[in-house]
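By convention here, the first residue in the shown sequence is residue 1.
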Amino acid sequence: MRLSSRAATLLAVAAALPLALTACSTGSTDASAPSTQKTKAKDPNAGLRTGTQLTKLLAPASAFPAGYAVEGDNTADSGAKLLSTSARTTAKPDCVNLESTSWIQVTGYQNSSSFAQNDYVNAQKTEEIAQEIDEFPVAQAKDAMQQIEAVAARCATFTDTDAHARVKVAGKAVAGLGDEAYTMTLTSGKWQNGTTLIAARSGSSVVTVLSTAGTDDGAASAKKLTTTLLTALKK
């Protein structure tokens, strides 16, 4: 659904272009009409990276533990064109999305200007480490981070989809990662290990990672991956 939502946005933009071009073809000679230079709106996507560019900034296989391999089904990006960021829905977040890759969608933003993502699993498929980078106009990037903190409170407990277990969510701000960062730890008495989620903003880029690796609820591997991605964004 993530890819199809972006495809729908592109189709909508393409359909609107002929109308926009027709409206601009009247060629008014009214001297009082504002100039194109004065009325042209600033492009909110100016300076943002495309999905193709973001893919090159994802951490390589060498950044993951030995024995981990990339999951092809969860590898995607938004391509070489920037998209129109969707308006944020104010509906109650679906807390079970915190168990999944692309969990940034719990913020209510179903569509960023661009994205790239993949995830790695161990040979037994019992542990997973996922990474994603989304680009937004900077005001929306900041808002997405605020929404993540709000989600931690609104999803303090929920029932997971597999074991139908009660999951507890503990969130806190983290210093020293990008311009701002927030982490959530998901635990359940029925799970062998918990899950760590970290979101970090660097300018207009929002990095989100998920890890269940190790015996520390994925905390160390999630922080290491976040640091790697933030370093790549600064180059």
Side-chain angles (χ1 to χ4, degrees), residues 1-26 28 33-58 76-94 97 101-118 131-151 173 177-182 197-209 226 229-235:
M1 298 219 21
R2 184 180 182 99
L3 290 175
S4 64
S5 67
R6 284 165 167 74
T9 300
L10 287 173
L11 288 172
V13 171
L17 281 175
L19 294 176
L21 291 173
T22 300
C24 293
S25 65
T26 56
S28 172
S35 67
T36 302
Q37 184 177 3
K38 291 181 180 179
T39 59
K40 186 177 181 181
K42 183 179 179 181
D43 181 4
N45 283 338
L48 301 186
R49 298 176 178 90
T50 66
T52 301
Q53 293 171 316
L54 292 176
T55 292
K56 297 176 181 178
L57 301 180
L58 293 176
D77 67 54
S78 55
K81 294 183 179 180
L82 292 169
L83 310 177
S84 297
T85 305
S86 64
R88 177 173 59 83
T89 177
T90 57
K92 182 179 179 180
D94 188 352
N97 285 335
T101 59
S102 292
W103 59 270
I104 191 173
Q105 293 192 31
V106 297
T107 61
Y109 286 105
Q110 301 301 309
N111 204 48
S112 54
S113 297
S114 61
F115 80 97
Q117 68 180 94
N118 63 29
Q131 59 180 337
E132 179 169 350
I133 309 173
D134 284 81
E135 290 274 300
F136 295 90
V138 68
Q140 289 175 316
K142 292 178 179 179
D143 183 56
M145 292 298 299
Q146 292 177 353
Q147 298 310 315
I148 286 171
E149 183 172 352
V151 165
L177 289 177
D179 297 322
E180 57 181 320
Y182 197 81
L197 309 176
I198 299 179
R201 182 180 65 84
S202 177
S204 58
S205 306
V206 178
V207 167
T208 47
V209 305
T226 302
L229 292 170
L230 290 171
T231 300
L233 285 166
K234 289 294 186 181
K235 292 182 178 177

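A side-chain donor-acceptor contact under 3.5 Å links Thr52 to the backbone of Gly79. A donor-acceptor pair is defined here as one N or O able to donate and one able to accept, closer than 3.5 Å; no such pair exists between the side chain of Ser78 and the backbone of Ser114.
By the side chain to side chain contact (heavy atoms under 4.5 Å, CB included) test, Thr231 is found to be paired with Thr227, Lys235, residues two or more places apart in sequence or in another chain being considered. Residues satisfying the side chain to side chain contact (heavy atoms under 4.5 Å, CB included) criterion with Gln53, sequence neighbours excluded, are Arg49, Thr50. Judged as a side chain to side chain donor-acceptor pair (under 3.5 Å), and not counting sequence neighbours, Ser86 has no contacts. For Asn118, the side chain to side chain contact (heavy atoms under 4.5 Å, CB included) partners at least two apart in sequence or on another chain are Leu58, Val70, Thr75, Tyr120, Gln131. Legend: residues meeting salt bridge (Lys or Arg N to Asp or Glu O under 4.0 Å) with Asp94, ordered by chain and number and at least two apart, are absent. Residues passing the side chain to side chain donor-acceptor pair (under 3.5 Å) test with Asn97: none are found, sequence neighbours excluded.
At a threshold of 4.5 Å between non-hydrogen side-chain atoms, the residues Pro137 and Asn45 count as touching. Two residues are said to be in side-chain contact when any heavy atoms from C-beta on lie closer than 4.5 Å; Gln140 and Arg88 fail this criterion. Contact annotation: the side chain of Leu233 approaches that of Leu57 to within less than 4.5 Å [non-hydrogen atoms, C-beta and beyond]. In this structure, the side chains of Ile148 and Trp103 come closer than 4.5 Å at one or more pairs of heavy atoms. Residues Leu230 and Leu177 are in side-chain contact: their nearest non-hydrogen atoms beyond the backbone lie under 4.5 Å apart. With contacts defined as side-chain heavy-atom distances shorter than 4.5 Å, the pair Phe115/Leu83 does not qualify.
Between Phe136 and Leu48, the closest heavy-atom pair is O-CD2, 3.6 Å. A pairwise comparison of heavy atoms in Tyr182 and Glu149 identifies CE1-CG, 3.6 Å as the closest pair. Listed here is the closest heavy atom pair of Ser84 and Asn111: O-ND2, 2.9 Å.
Separation of atoms OG1 (Thr107) and CE (Met145) is listed at 10.5 Å; rounding is to 0.5 Å. Summarising the geometry, atom OG1 belonging to Thr208 is positioned 14.5 Å from atom CZ belonging to Arg201; distances are rounded to the nearest 0.5 Å. With rounding to the nearest 0.5 Å, the separation of OG1 in Thr226 from CD1 in Ile198 is 4.0 Å.
With 3.5 Å as the limit, one finds no donor-acceptor pair spanning the side chains of Glu132 and Thr101.
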Using the side chain to side chain donor-acceptor pair (under 3.5 Å) rule, take Thr89 and Gln110 through it: C-alpha gap first, then chi angles, then the decisive distance, then the call. CA-CA 8 Å; Thr89 177; Gln110 301 301 309; over 6 Å; no
Run the numbers on Glu135 and Thr85 for side chain to side chain contact (heavy atoms under 4.5 Å, CB included), then give the verdict. CA-CA 9 Å; Glu135 290 274 300; Thr85 305; over 6 Å; no
